[in-house]
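Shown next, in structure tokens, is the structure this report addresses.
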Amino acid sequence: MADKPPLPPFDHTTALMKVQAAEDAWNTRDPERVALAYTEDSVWRNRDMFLTGRPAIIEFLSDKWARELDYALRKNLWTFGGDRIAVRFQYESHDAAGQWWRSYGNELWEFDEHGLMRRREASINDVPIAESERTIFGPRPPEDHGKEQPIR
């Protein structure tokens, strides 16, 4: 099995790197690419859904990005220790009817020794916004990597 650095145990620098790598991958909106960061038997709780394994993750993400159009995400490191990282995040997207949404959430991550995420717990709330209230446009520019995204 190939390693997915950085590997646990995490320090501040490697935790920031892991968070940025996750943000970058999710902003591709490519379910197959994103799923490669998770173990084959990764366990997720996402809102009220419970998933196990990469095929379920790919299906979930495919459905998600079919509904959440022009999705753009920012993740911020909250804390870390050993093989675990906690993040807070926000993302914006619109639905097929054109309504824009800002979604706020917290995630708890647990990694295996190869740097793959074996567990992901996500709590998320959605707020309708006007298009004029958008603050996230596409992936984070490289010069902003590691900087905290203000929560609005």
Side-chain angles (χ1 to χ4, degrees), residues 1-96 100-127 135-142 144-151:
M1 170 178 292
D3 287 345
K4 188 116 176 126
L7 307 177
F10 300 108
D11 61 25
H12 187 254
T13 299
T14 58
L16 282 172
M17 290 170 60
K18 203 65 150 175
V19 171
Q20 188 62 57
E23 177 184 304
D24 292 346
W26 280 64
N27 275 323
T28 68
R29 295 175 285 200
D30 179 343
E32 305 241 349
R33 175 181 171 189
V34 172
L36 293 175
Y38 301 90
T39 63
E40 290 285 344
D41 59 350
S42 186
V43 175
W44 282 26
R45 181 187 57 78
N46 193 90
R47 301 176 192 248
D48 61 346
M49 297 182 69
F50 297 85
L51 312 169
T52 301
R54 281 189 190 157
I57 291 167
I58 291 168
E59 181 180 0
F60 169 82
L61 292 173
S62 296
D63 293 345
K64 171 186 179 61
W65 290 320
R67 288 186 322 275
E68 296 177 352
L69 307 174
D70 293 319
Y71 172 98
L73 167 73
R74 297 294 185 271
K75 291 184 182 281
N76 293 312
L77 177 65
W78 188 259
T79 192
F80 64 92
D83 63 354
R84 295 180 178 174
I85 296 175
V87 299
R88 59 190 184 104
F89 65 88
Q90 58 184 325
Y91 67 85
E92 294 174 352
S93 64
H94 67 87
D95 59 28
W100 281 91
W101 299 89
R102 184 173 300 128
S103 302
Y104 298 94
N106 300 296
E107 292 177 321
L108 305 174
W109 301 342
E110 182 180 67
F111 294 87
D112 72 5
E113 67 277 10
H114 301 287
L116 296 172
M117 196 181 303
R118 66 175 152 225
R119 186 170 190 86
R120 175 183 174 268
E121 302 267 343
S123 297
I124 307 166
N125 299 297
D126 304 309
V127 177
T135 61
I136 303 173
F137 300 91
R140 185 186 306 241
D144 288 344
H145 286 192
K147 293 182 182 174
E148 186 155 328
Q149 173 78 24
I151 300 292

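Position 1 is the first residue of the sequence; numbering continues from there. Here the structure is a predicted model, which is why all the values come from computation and not from measurement.
Separating the OG1 atom in Thr39 from the CD1 atom in Ile57 is a distance of 7.0 Å, to the nearest 0.5 Å. Interatomic distance, Glu121 CD to Phe50 CZ, rounded to the nearest 0.5 Å: 7.5 Å. Note: Ser93 OG to Leu69 CG = 7.5 Å, rounded to the nearest 0.5 Å. One finds the CG atom of Asp30 at 8.5 Å from the OG atom of Ser62 (value rounded to the nearest 0.5 Å). Rounded to the nearest 0.5 Å, atoms CG (Leu61) and CD (Glu32) are 10.5 Å apart.
The shortest side-chain heavy-atom distance between Ile136 and Leu73 does not fall under the 4.5 Å cut-off. Taking 4.5 Å as the limit, some side-chain heavy atom of Phe60 sits within range of a side-chain heavy atom of Trp44. Side-chain contact between Trp78 and Asn106 is absent, with no heavy atoms from C-beta onward closer than 4.5 Å. In this structure, Leu16 and Phe80 have side chains that are not in contact, with every pair of non-hydrogen atoms separated by 4.5 Å or more.
The two residues Arg54 and Leu36 make their nearest non-hydrogen contact at NH2-O, 3.7 Å. Nearest heavy-atom pair across Pro9 and Thr14 is O-OG1, 4.5 Å. Here the shortest heavy-atom pairing between Arg74 and Pro141 reads NH2-CD, 4.5 Å. Here the shortest heavy-atom pairing between Gly82 and Pro8 reads O-CB, 3.7 Å. Between Ile85 and Val87, the shortest heavy-atom distance links the atoms CG2-CG1, 3.9 Å. In terms of heavy atoms, Ala22 sits closest to Trp109 at CB-CH2, 3.7 Å.
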Can Leu51 and Arg120 be said to form a side-chain contact (heavy atoms from CB on, under 4.5 Å), step by step?
-> CA-CA 10 Å; Leu51 312 169; Arg120 175 183 174 268; over 6 Å; no
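Judged as a ring pair (Phe, Tyr, Trp, His ring centres under 6.0 Å), and not counting sequence neighbours, the contacts of Tyr71 are Trp65, Tyr91. Annotation: salt bridge (charged side-chain N to carboxylate O under 4.0 Å, His left out) contacts of Glu68 (sequence neighbours excluded): Lys64. Residues satisfying the side-chain hydrogen bond (donor to acceptor under 3.5 Å, both in side chains) criterion with Asp24, sequence neighbours excluded, are Gln20. In this structure Thr28 satisfies the side-chain hydrogen bond (donor to acceptor under 3.5 Å, both in side chains) test with no other residue, sequence neighbours excluded. Residues passing the side-chain hydrogen bond (donor to acceptor under 3.5 Å, both in side chains) test with Asn27, sequence neighbours excluded: none.
With hydrogens and angles disregarded, a donor-acceptor distance shorter than 3.5 Å links the side chain of Glu92 to the backbone of Thr135.
In Glu59, the CD atom is not crowded: 12 or fewer heavy atoms of neighbouring residues, nucleotides or ligands sit closer than 6.0 Å.
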Identify each donor-acceptor pair in which a side-chain atom of residues 110-118 lies under 3.5 Å from a protein atom, sequence neighbours left out, and give them as a table.
from	atom 1	to	atom 2	distance (Å)
Glu110	OE1	Arg118	NE	3.2
Glu110	OE2	Arg84	NE	3.1
Glu110	OE2	Arg84	NH2	2.7
Asp112	OD1	His114	N	2.8
Asp112	OD1	Gly115	N	3.1
Asp112	OD1	Leu116	N	3.0
His114	ND1	Asp3	OD1	2.8
Arg118	NH2	Asp83	OD2	2.9
Arg118	NH2	Phe111	O	3.0

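Tested against Glu107, the residues Arg45, Lys75, Arg47, Lys18 include a single salt bridge (Lys or Arg N to Asp or Glu O under 4.0 Å) partner, Lys75.
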